[in-house]
There are 2 protein chains.
Amino acid sequence: MSVITDRSTSDQASPELEAYALLRQINSMMEMYNRYDLRSEDLTIPQFMILNYATAEGVPLSEISMRMLCDNSNLTGIVDRLISKGFVERRPDPQDRRVSLICLTGAGADKLRRIKPRHHAHVRRRMRSLSQDQVSELRNLLQQLFQGLQIPAVDDESREA
Amino acid sequence: MSVITDRSTSDQASPELEAYALLRQINSMMEMYNRYDLRSEDLTIPQFMILNYATAEGVPLSEISMRMLCDNSNLTGIVDRLISKGFVERRPDPQDRRVSLICLTGAGADKLRRIKPRHHAHVRRRMRSLSQDQVSELRNLLQQLFQGLQIPAVDDESREA
DNA sequence: GTGTTATAGTTTAAATATAAAGGAATTATA
DNA sequence: TATAATTCCTTTATATTTAAACTATAACAC
């Protein structure tokens, strides 16, 4: 292998790296659009996500953080801001006094009812460059990739260290 | 359409939304792994990204921020930290005195040489749940989606407001 | 029961991201 | 050339993220 092709080998050019680079870029662009959409509603992306996971009956904070793939400590401040805006409440769980339940208020439910359908329509519209079949195919591939990521594949680690 | 299916319609369940949710989750997982990998090298993800874009001759900060799909103001502090670690330098552009060139130092190049191949190997390994053909297919779909996102599709906006 | 361990949530400090404003230098235009 | 508009970068304030330490509660072992 020549010196010239060597560079491109170590640098980029594998389908895996290209796919991953694209995935990151798409995620960035979608976040930019989402942020812009939510801005007029005075909500940030993580605030909107918590609203989506909260229910009137209340959901444990750690359940939300698990679904959002983040740490509990992230959510404390975000929930504080949502409380100050009147969209959620904190209630202690009578079953387990360590747990605090995040409860969607009436105002929060109203807000969500207004924003969510539009958000979903936006997401669908922004993927219109793919046909229905292509979207399904993409979903299937991402599903498979996601499942494969669940098990960190501890083997082969030594081969590369 | 019944009330019961109505909920799932407005809530989730379209291939587009499922695909986007998976894309976000995959991105999160990959970031977690990348962060963990870089931790032992005392680098954060954005620091590593800047190192990858910097060259010995120097690259304008705004060129890096454009490629990273972020604002210039993000990079000021990150570059400061990379400078204090000795991996890059700021040099004024003689052609345009507004521009500050981000230059990779010898130490930065060494660091990169050591980390980058391993990082790429990790990314490839983490996508092993897909076959070579599937990876290529995924890359093509993401490529098409990414290109479609470039043009924000201003039309049809009114139809959903 | 007592000690150990695990879990739920918060707090803190450091790093990053966003939005807005500002300073310096360049470019466009009259 | 004088002025306006633009570009490049930094600074500021606020929000978020990460990692680590900490409190309170629960579960478990003996």
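Everything numeric in this text was worked out from a predicted model, so none of it was measured. Here is the naming used below: chain letters follow the sequence lines, and residue numbers restart at 1 for every chain. For the numbers below, each heavy atom of this structure counts, side chains included, while hydrogens, waters and symmetry mates do not.
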Could A:R24 and A:Y20 be counted as a cation-pi pair, given that NZ or CZ must be under 6.0 Å from the ring centre and within 45° of the axis?
-> yes
From C:dT10, D:dT17, D:dC8, nucleotide with atom closest to B:N72 side chain | D:dC8
Would you mind reading off the distance between B:I78 atom CD1 and C:dA14 atom P, rounded to a whole angstrom?
-> 17 Å
Of A:S73 and A:M32, the one whose closest DNA chain C nucleotide lies more 5' | A:S73
Side-chain donor/acceptor of A:N34 to backbone N/O of A:M30, under 3.5 Å | yes
Hey, is A:R126 close enough to A:D37 for a salt bridge, meaning N to O under 4.0 Å?
-> yes
When the distance from CG of B:D71 to P of D:dT14 is rounded to whole Å, what number comes out?
-> 18 Å
Can you tell me the distance, in whole Å, between the CG atom of A:D42 and the C1' atom of C:dT18?
-> 14 Å
Answer with base, sugar-phosphate or nothing: what part of the nucleic acid does B:S62 contact at a heavy-atom distance below 4.0 Å?
-> sugar-phosphate
Min side-chain heavy-atom separation A:F87-A:L43 under 4.5 Å | yes
Figure out the CZ/C1' separation between A:R90 and C:dG9, and round it to whole Å.
-> 9 Å
Mind checking whether A:N52 and A:F48 have side chains closer than 4.5 Å, heavy atoms only?
-> yes
Do A:N72 and A:S65 meet the criterion of a side-chain donor-acceptor pair at a distance under 3.5 Å?
-> yes
Interatomic distance where CG belongs to A:N34 and P belongs to C:dT18 [whole Å] | 12 Å
Show your working on salt bridge (Lys or Arg N to Asp or Glu O under 4.0 Å) between B:E137 and B:R139 and close with a plain yes or no.
-> CA-CA 5 Å; B:E137 174 68 6; B:R139 181 200 50 193; over 6 Å; no
Any donor-acceptor N or O pair under 3.5 Å, side chains B:D133, B:S131 | no
Charged N-O contact under 4.0 Å between A:R114 and A:E41 = yes
Which residue lies more 5' along DNA chain C, comparing A:P60 with A:R39 via nearest heavy atoms = A:P60
Per the under-4.0 Å heavy-atom filter, residues of residues 93-103 of chain A near DNA chain C come out as A:R98, A:V99, A:S100
Going by number, which of residues 43-55 of chain A have a non-hydrogen atom under 4.0 Å from DNA chain D?
-> A:T44, A:P46, A:Q47
Using atom CE of B:M29 as one end and atom P of D:dT18 as the other, report the distance to the nearest whole Å.
-> 13 Å
Between D:dT17 atom C1' and B:N74 atom CG, what is the distance in whole Å?
-> 13 Å
When rounded to whole Å, the CG to P distance for the pair A:L75 and C:dT10 reads 9 Å
